[in-house]
K.L.:
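Dropping the structure in here first, questions after.
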Amino acid sequence: MSLFCQPLSAAVTEYHVQLKDHLFFPSRIHIPAYQKVKLVIHNQDNTPEEFDSFSLNREKVIFANHKASIFIGPLQPGDYDFFGEYNPNTARGSVIVEHKAAHAN
């Protein structure tokens, strides 16, 4: 029975992103390859936005002045674009997956 009750050995690393004036900050997020991570997106605008990414296969509405969490990975090294569906010309960014993440957010 103890085999099924073992705690998880590693915590999921969080990366924080702000959405303000229909722009993502930072717009480039560096994460490690082959690890599951959590993006915490804080929409500081007075309007909702939908985080959307075809390459990450994720979409999530983030209400005005709220936060939302999105789990991604594990991913192979590469660039994965994302955008705000309601403001696609300005709300743009990318997740850069590297063998060793160059920047921790």
Side-chain angles (χ1 to χ4, degrees):
M1 185 76 151
S2 65
L3 178 64
F4 298 105
C5 297
Q6 294 177 353
L8 295 174
S9 60
V12 175
T13 303
E14 289 186 2
Y15 293 84
H16 293 261
V17 179
Q18 292 180 344
L19 179 64
K20 182 149 179 73
D21 300 324
H22 309 300
L23 298 168
F24 287 107
F25 297 101
S27 62
R28 296 172 55 88
I29 305 155
H30 296 262
I31 68 168
Y34 310 110
Q35 292 183 21
K36 184 177 184 176
V37 301
K38 179 179 178 181
L39 297 181
V40 178
I41 303 168
H42 184 188
N43 182 358
Q44 297 180 342
D45 286 336
N46 292 323
T47 58
E49 183 58 271
E50 182 172 342
F51 177 94
D52 209 340
S53 175
F54 299 119
S55 58
L56 293 170
N57 194 28
R58 296 289 182 275
E59 62 181 310
K60 179 132 184 148
V61 173
I62 308 163
F63 295 105
N65 300 301
H66 281 78
K67 292 181 182 179
S69 297
I70 300 169
F71 289 91
I72 59 173
L75 297 168
Q76 294 184 8
D79 293 0
Y80 299 82
D81 293 332
F82 61 86
F83 61 96
E85 186 170 316
Y86 304 146
N87 297 282
N89 293 327
T90 58
R92 303 191 69 74
S94 59
V95 174
I96 313 301
V97 181
E98 304 168 322
H99 284 287
K100 287 195 172 196
H103 304 95
N105 292 335

K.L.:
Phe51: what forms a ring pair (Phe, Tyr, Trp, His ring centres under 6.0 Å) with it, not counting sequence neighbours?
P.N.:
Phe82
K.L.:
Under 3.5 Å, which donor-acceptor pairs do the side chains of residues 62-80 form with other protein atoms, sequence neighbours left out?
P.N.:
| from | atom 1 | to | atom 2 | distance (Å) |
| --- | --- | --- | --- | --- |
| Asn65 | ND2 | Asn46 | OD1 | 3.2 |
| His66 | ND1 | Ala64 | O | 2.7 |
| Tyr80 | OH | Gln76 | O | 2.8 |

K.L.:
Minimum heavy-atom separation for Ser55 and Asp81, please, with both atom names.
P.N.:
OG-N, 3.3 Å
K.L.:
Give the cluster check for Tyr15 versus Leu56: same hydrophobic cluster or not, with ILVMFWY residues linked at side-chain heavy-atom distances below 4.5 Å.
P.N.:
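Tyr15 and Leu56: one cluster.
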K.L.:
What residues form a side-chain contact (heavy atoms from CB on, under 4.5 Å) with Thr90, not counting sequence neighbours?
P.N.:
His22, Leu23, Asn87
K.L.:
NE2 of His16 to NE2 of His42: how many Å apart, nearest 0.5 Å?
P.N.:
11.5 Å
K.L.:
To check you understand the geometry: which heavy-atom pair defines the closest contact between Val17 and Ile29, and what is its length?
P.N.:
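The answer is CG2-CD1, 3.3 Å.
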K.L.:
My understanding is that only residues two or more places apart in sequence, or in another chain, count here; which of them pass ring pair (Phe, Tyr, Trp, His ring centres under 6.0 Å) with Phe54?
P.N.:
Phe83
K.L.:
Hey, what do you get for CZ (Phe24) to CD1 (Ile41), rounding to the nearest 0.5 Å?
P.N.:
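With rounding to 0.5 Å, CZ (Phe24) is 5.5 Å from CD1 (Ile41).
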K.L.:
According to the salt bridge (Lys or Arg N to Asp or Glu O under 4.0 Å) rule, which pairs have a member within residues 35-54, sequence neighbours left out?
P.N.:
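Matches after skipping sequence neighbours: Glu14-Lys38.
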K.L.:
Which atoms form the tightest heavy-atom contact between Pro88 and Arg92, and what is the distance?
P.N.:
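Smallest interatomic distance, heavy atoms only, reads O-NH1, 2.9 Å.
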